[in-house]
Number of protein chains: 2
Amino acid sequence: MTQVDVAAEAADPSGADASTRAKILDVALALFTEQGFDGTSMREIAARLRISKPAIYYHFASKDDILLALHMRLHQFVRPAFERLTGQAVTLEIWGSVLDDLTGQMLAHRTIFLMHERNQAAMDKLHRTDHAVEHDDISERLRRALADPALPLRDRVRMACSLGAVFGPLFMAGGAFDGVDGAQLGSLVRDAVRDVVG
Amino acid sequence: MTQVDVAAEAADPSGADASTRAKILDVALALFTEQGFDGTSMREIAARLRISKPAIYYHFASKDDILLALHMRLHQFVRPAFERLTGQAVTLEIWGSVLDDLTGQMLAHRTIFLMHERNQAAMDKLHRTDHAVEHDDISERLRRALADPALPLRDRVRMACSLGAVFGPLFMAGGAFDGVDGAQLGSLVRDAVRDVVG
DNA sequence: GTCTATATTTCGATAGAC
DNA sequence: GTCTATCGAAATATAGAC
């Protein structure tokens with residue numbers, strides 16, 4: 001059993017003398033983001049940590065298992081925001097408050113979100129293969145909200161556009177805002193998002 | 001030499017009795033979008049066309065060469081819009097007109113844009129390896145505009161958010177707008193984008 | 001232009017010692 | 001927990017006939 005408390009992993013500081021498992025996750029996150037999941041080999045992860053490949057397999061059952069652990073990190077960050085979409089009819093106002101939270105999480109954990117976006121194919125395969133991910137998944141609830149036939153098309157489009165607006169600065173700017181203060185950036189993004197959905 | 005006129009490829013209708021080369025590109029586009037570039041093998045492409053692997057290699061020098069051809073298609077679609085960013089200082093108004101054109105292209109060629117987004121890692125590697133792509137590339141001009149220190153941070157953020165808003169309905173909706181009429185969708189997206197950048 | 005057969009490389013994963 | 005050595009599968013790409 002290589003499972004470990006998710007919160008502890010996420011709380012890992014900057015890798016001073018963190019556990020090997022946490023260090024593997026940090027390196028994998030960086031490499032998966034830069035080169036893609038399929039473009040990164042286990043050998044590469046091991047080399048950067050100056051350990052051997054089997055050492056990784058002691059901590060993770062498979063390469064997919066590493067990706068799954070990183071997916072769970074993201075899941076943990078976004079679940080609180082998206083839980084507001086269940087149990088009540090979605091309105092533009094509710095959607096706006098969801099995106100407000102989401103903006104904060106995105107800015108606090110940019111690399112994880114970027115890794116997830118740049119490896120959607122691998123993530124999809126993981127969901128098809130691994131049944132441990134179940135269908136508690138966020139993407140499904142999101143897709144259902146945006147396809148809700150009870151909503152006017154105009155509102156559905158504005159929901160999708162505002163969602164894109166939240167991630168535009170991270171996904172499409174190629175690091176143009178990397179050095180910018182998170183609070184200031186968050187304020188500007190939230191203003192722009194409100195202009196779409198407010 | 002397997003190079004062929006780019007416009008002719010893009011003009012290929014729906015694959016009735018199109019040339020083998022064009023059919024390979026169509027199948028590769030679909031598979032790269034669904035499963036990712038690295039998650040798709042040459043064997044898979046060949047099997048779906050009921051031809052053999054070497055038949056593909058007669059038309060393309062390598063797997064990367066197929067991806068490059070698809071990249072050129074996209075490049076052709078977006079270049080006119082982005083050429084407006086050269087030779088003059090970027091303003092929110094110019095940016096708005098660029099996104100206006102881009103919205104139309106995105107809706108007219110959804111799959112190509114989606115494939116490009118879902119294979120950024122492979123695309124980056126292509127740019128690093130293949131020097132035929134040169135640095136005429138769009139991504140670079142885009143990044144420079146969004147990082148332009150002559151612009152106030154607020155404007156740069158709104159540029160990034162509006163760019164994200166254009167692609168939100170395509171990238172983040174999981175096909176929730178697949179059946180929607182392009183003209184109607186375009187009108188609604190442009191309205192939302194104008195609220196950010198207008 | 002398309003085929004069968006195969007060369008070559010690389011990867012994920014495991015065996016077994018320490 | 002970590003190592004050396006290796007297995008087996010799958011992928012890209014090519015040789016050579018037709």
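Below, chains carry the letters A, B, ... as their sequence lines are ordered, and counting in each starts from 1.
When rounded to the nearest whole Å, the span between CD1 of A/Ile56 and P of C/dC11 equals 13 Å. Going from atom NZ of A/Lys53 over to atom P of C/dA15 covers 14 Å, rounded to whole Å.
In this structure, B/Glu140 pairs ionically with B/Arg144, as a charged nitrogen and a carboxylate oxygen lie closer than 4.0 Å. Ionic pairing of B/Asp26 and B/Arg73 is present here: one or more N-O contacts between side-chain nitrogen and carboxylate oxygen are shorter than 4.0 angstrom.
With hydrogens and angles ignored, the 3.5 Å screen pairs no side-chain donor or acceptor of A/Ser187 with any backbone N or O of A/Ala183. No side-chain donor-acceptor contact under 3.5 Å links A/Arg143 to the backbone of B/Ala173.
Of all nucleotides in DNA chain D having an atom under 4.0 Å from a heavy atom of chain A, the first and last in 5' to 3' order are D/dG1 to D/dA5.
Residues from residues 34-49 of chain A with heavy atoms under 4.0 angstrom of DNA chain C, sorted by number: A/Thr40, A/Ser41, A/Met42.
Evaluation of the salt bridge (charged side-chain N to carboxylate O under 4.0 Å, His left out) rule for B/Asp124 yields A/Arg118 as partners, not counting sequence neighbours. Taking the ring-ring contact (aromatic ring centres under 6.0 Å, His included) definition, one finds that A/Phe113 meets it with A/Phe167, sequence neighbours left out. For A/Arg194, the salt bridge (charged side-chain N to carboxylate O under 4.0 Å, His left out) partners are A/Asp100, A/Asp191, not counting sequence neighbours.
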List, one per line, each side-chain donor-acceptor pair under 3.5 Å for residues 85-96 of chain B, sequence neighbours excluded.
from: B/Thr86; atom 1: OG1; to: B/Glu83; atom 2: O; distance (Å): 2.8
from: B/Gln88; atom 1: NE2; to: B/Arg84; atom 2: O; distance (Å): 3.0
from: B/Thr91; atom 1: OG1; to: B/Glu93; atom 2: N; distance (Å): 3.4
from: B/Thr91; atom 1: OG1; to: B/Ile94; atom 2: N; distance (Å): 3.1
from: B/Trp95; atom 1: NE1; to: B/Met159; atom 2: O; distance (Å): 3.1
from: B/Trp95; atom 1: NE1; to: B/Ser162; atom 2: OG; distance (Å): 3.0

